[in-house]
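The structure appears below as structure tokens.
Each residue takes its place number in the sequence, starting with 1.
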Amino acid sequence: IIISTTTTEKGVDNTAVWIIELTCPTEQRFRASNDLKREKYEPVAAVFRKQPNINVVELVPIEVGARGRPARSLRNLKPLLQRNYSNAIEEAGRAAIIASMHIFYGSEDLQWRHHT
């Protein structure tokens, strides 16, 4: 997900770009997953950093464990989410649990299908 915000202060535009990458590893792999995502998306961040009209580029890999436990990396979204931060963490955990259930239930099938 790439989010761009522009604010104007004293007639000067300030543009910030947030590159957010969510992964759902096992809880034991939070740090390794974060490192891999940073390495993977750093070239994308570098392209934005070279743009003269962009002041800030934030590369934010976040992890929510396969059992719904949010990693500390979600704290990096607090400045962006502000008042919606608590709800976002709860929703991220819920979404990870639901996605993990779908993967688990589909793991015995040879072909992916949506379970209801």
Is there a path of hydrophobic side-chain contacts, each under 4.5 Å between heavy atoms, that joins Val44 and Val17?
yes
Not counting sequence neighbours, which residues clear side chain to side chain contact (heavy atoms under 4.5 Å, CB included) with Glu90? List them please.
Arg94
Please list, one pair per line, the donor and acceptor atoms closer than 3.5 Å that link side chains of residues 30-38 to other protein atoms, with sequence neighbours excluded.
residue : atom : partner : partner atom : Å
Ser33   : OG   : Arg29   : O            : 2.9
Asn34   : OD1  : Arg38   : NE           : 3.1
Asn34   : ND2  : Pro61   : O            : 3.3
Asn34   : ND2  : Glu63   : OE2          : 3.1
Lys37   : NZ   : Glu21   : OE2          : 3.0
Arg38   : NH1  : Leu59   : O            : 3.3

Hydrophobic cluster identity match, Val57 and Val60, side-chain contacts under 4.5 Å
no
Starting from Val47 and following side-chain heavy-atom contacts under 4.5 Å between hydrophobic residues (I, L, V, M, F, W, Y), which residues can be reached?
none
Please, which pairs that meet salt bridge (charged side-chain N to carboxylate O under 4.0 Å, His left out) have at least one residue in residues 41-59, sequence neighbours excluded?
Glu42-Arg49
Check residues 6-13 and write down every donor-acceptor pair under 3.5 Å in which the side-chain atom is one partner and the other belongs to a residue at least two apart or another chain.
residue : atom : partner : partner atom : Å
Thr6    : OG1  : Thr15   : OG1          : 3.1
Thr8    : OG1  : Asp13   : OD1          : 2.6

Side chain to side chain contact (heavy atoms under 4.5 Å, CB included) with Ile3: which residues, sequence neighbours excluded?
Ile1, Thr5, Trp18, Ile20, Leu80
